[in-house]
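Single-structure report; data block below.
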Amino acid sequence: MRRLPLLAAALALLLAGCVPTARSSTLFAMDTVMELTVYGPRERVDEAAELIHDAEGLLSVTAEGSDIALLNSAGEGEVHGETAALLARALEICALTDGALDITVYPLVRAWGFTTGEYRIPEDGEIEKLLEGVDYASVRLEDGAVTLPRGALLDLGAVAKGWTADLIAEGWREAGVKSGLINLGGNVMAVGSKPNGGDWVVGIRDPFSDGLVGAVSVRDAAVVTSGGYQRYFEEDGVRYCHIIDPQTGRPADSGLTSVTVIGAEGVLCDGLSTAVYVMGLDAAEELWRENAGFELALVTDEGEIYITEGLEDVFTPMDGYENTEIQVIRRG
Ligand code: AMP
Ligand code: MG
């Protein structure tokens, strides 16, 4: 009998070793609420929070002294290795999307008031003038030295969270983490599987209500959503969203109201979610057919749902969408 407490203690230790405890942290950074959960030591969460603050310090377009703010005020300069690496990848995604993603579109983002919240509709002439500086292809990047074209201002806001999630996930995997969830304001990265071995289930917000349009079951994947409903203003009954079409200099109005991109690389998913929101359904289908590495879940202004075929078995409609016909986009 005297051995029982000892046995119980040994069993408790054994079980604790099998199922790691969840450590979580909620923080506000990059203008959004973030949540980190890791099944492992608290250190992992603390390291990730530090990484997020460091990334924001380098990349924020508004933070004084960031690489991007310094570049934008001088038009040229040296940047840190991390900034250069993201810049290089972002420029590739701009090219891949034929400029639907354009990291030099910031003068327009600012003119519409999305930086300060002092929203306004710029005059046609002002838009034309500002568009002259928008051209990602003229950004020069050589050994960490960057030169911007005249009139261009950089903004990595469309890719920074996805890239940061990649860095955190990489660090966690190297440290042996088998299970974790990184949620950077709706920009989600699932690391490994759930602690019980099942898939992570990530909800996709309904652009028309507070509920969900559905959820996807994933492991080791980013799930990134861009939507006009995330940040916008209204004037005379017209809604103006924070994603700008670099062709027109005006808020994108492609017929899509929510774009979710799912794939292994967070920065690609983040860049593509913004770009596909600009491109619209037909161009998105073409982009998906011509490239590997990502899947799409799209909601149109009319509330129709389109998914690419890789999501057929992992997407579940919810909250009133259960009977909506889901259109599947196929390769062939
Ligand atoms: P996301 O939330 O990832 O879709 O990124 C939207 C943010 O990226 C906006 O708040 C702007 O700062 C910036 N942005 C808006 N339109 C574009 C665009 N066409 N290309 C690149 N960045 C953009
Ligand atoms: Mg994005």
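Each ligand, and each atom within it, is numbered from 1 in the order the structure gives. For reference, positions follow the sequence shown, starting with 1.
Side chains of T83 and D67: a donor on one and an acceptor on the other come within 3.5 Å.
By the 4.0 Å N-to-carboxylate-O rule, R289 lies too far from E286 to be salt-bridged with it. A salt bridge links R250 with D124: the distance from a Lys NZ or Arg NE/NH1/NH2 to an Asp or Glu carboxylate oxygen falls below 4.0 Å. We find that R89 and E92 are joined by a salt bridge, their nearest charged nitrogen and carboxylate oxygen being less than 4.0 Å apart. Using a 4.0 Å cut-off between a side-chain N of Lys or Arg and a carboxylate O of Asp or Glu, K129 and E123 do not qualify as a salt bridge.
Counting protein heavy atoms only, atom 16 (N) of ligand 1 is closest to I244 N, 3.0 Å. Atom 17 (C) of ligand 1 has its closest protein heavy atom at V105 CG1, 3.6 Å. Protein heavy atom closest to atom 20 (N) of ligand 1, with residue, atom name and distance, is D102 N, 3.0 Å.
Every atom of ligand 1 with a heavy atom of I243 under 4.0 Å away is listed here by number and element: 4 (O), 15 (C), 16 (N). Heavy-atom contacts of D155 reach the following atoms of ligand 1: 11 (C), 12 (O), 13 (C) (cutoff under 4.0 Å). The distance from ligand 1 to the heavy atoms of A158 drops below 4.0 Å at these ligand atoms: 3 (O), 5 (O), 8 (O), 21 (C), 22 (N). Near T274, the atoms of ligand 1 lying under 4.0 angstrom from a non-hydrogen atom of the residue are 1 (P), 3 (O), 4 (O), 5 (O). Annotation for ligand 1: atoms under 4.0 Å from non-hydrogen atoms of P246 are 19 (N). Residue L101 has at least one heavy-atom neighbour below 4.0 Å for each of these atoms of ligand 1: 20 (N), 21 (C). Proximity to S226 (heavy-atom distance under 4.0 Å) selects the following atoms of ligand 1: 1 (P), 3 (O), 4 (O). Listed by number with element, the atoms of ligand 1 under 4.0 Å from a non-hydrogen atom of D270 are 3 (O).
Closest heavy-atom approach to atom 15 (C) of ligand 1 among the candidates H242, R110, R231: H242. In this comparison of V109, V159, L108, the heavy atom closest to atom 14 (N) of ligand 1 sits on V109.
At most 12 non-hydrogen atoms from other residues, nucleotides or ligands lie less than 6.0 angstrom from CD of E142. Few gaps surround CD on E234; more than 12 heavy atoms of other groups in view lie less than 6.0 Å from it. Other residues, nucleotides and ligands contribute over 12 non-hydrogen atoms within 6.0 Å of the CZ atom of R330.
Of all protein atoms, those of element N, O or S that lie under 2.8 Å from the Mg ion (ligand 2) number 4.
By the 30° and 60° cut-offs, the orientation of the rings of Y119 relative to F233 is parallel.
By the 4.5 Å heavy-atom criterion applied to side chains, L281 and E285 are counted as neighbours.
The side-chain contact (heavy atoms from CB on, under 4.5 Å) with I103 is formed by just one residue from the set L91, T274, I93; it is L91.
The side chain to side chain donor-acceptor pair (under 3.5 Å) pairs that include a residue from residues 101-114 are D102-T104, Y106-T115, where partners are two or more places apart or lie in different chains.
For A100, the heavy-atom gap to ligand 1 drops under 4.0 angstrom.
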Any chance you could lay out the salt bridge (charged side-chain N to carboxylate O under 4.0 Å, His left out) test for E170 and R173, step after step, and finish with the verdict? CA-CA 5 Å; E170 194 185 312; R173 287 192 188 104; over 6 Å; no
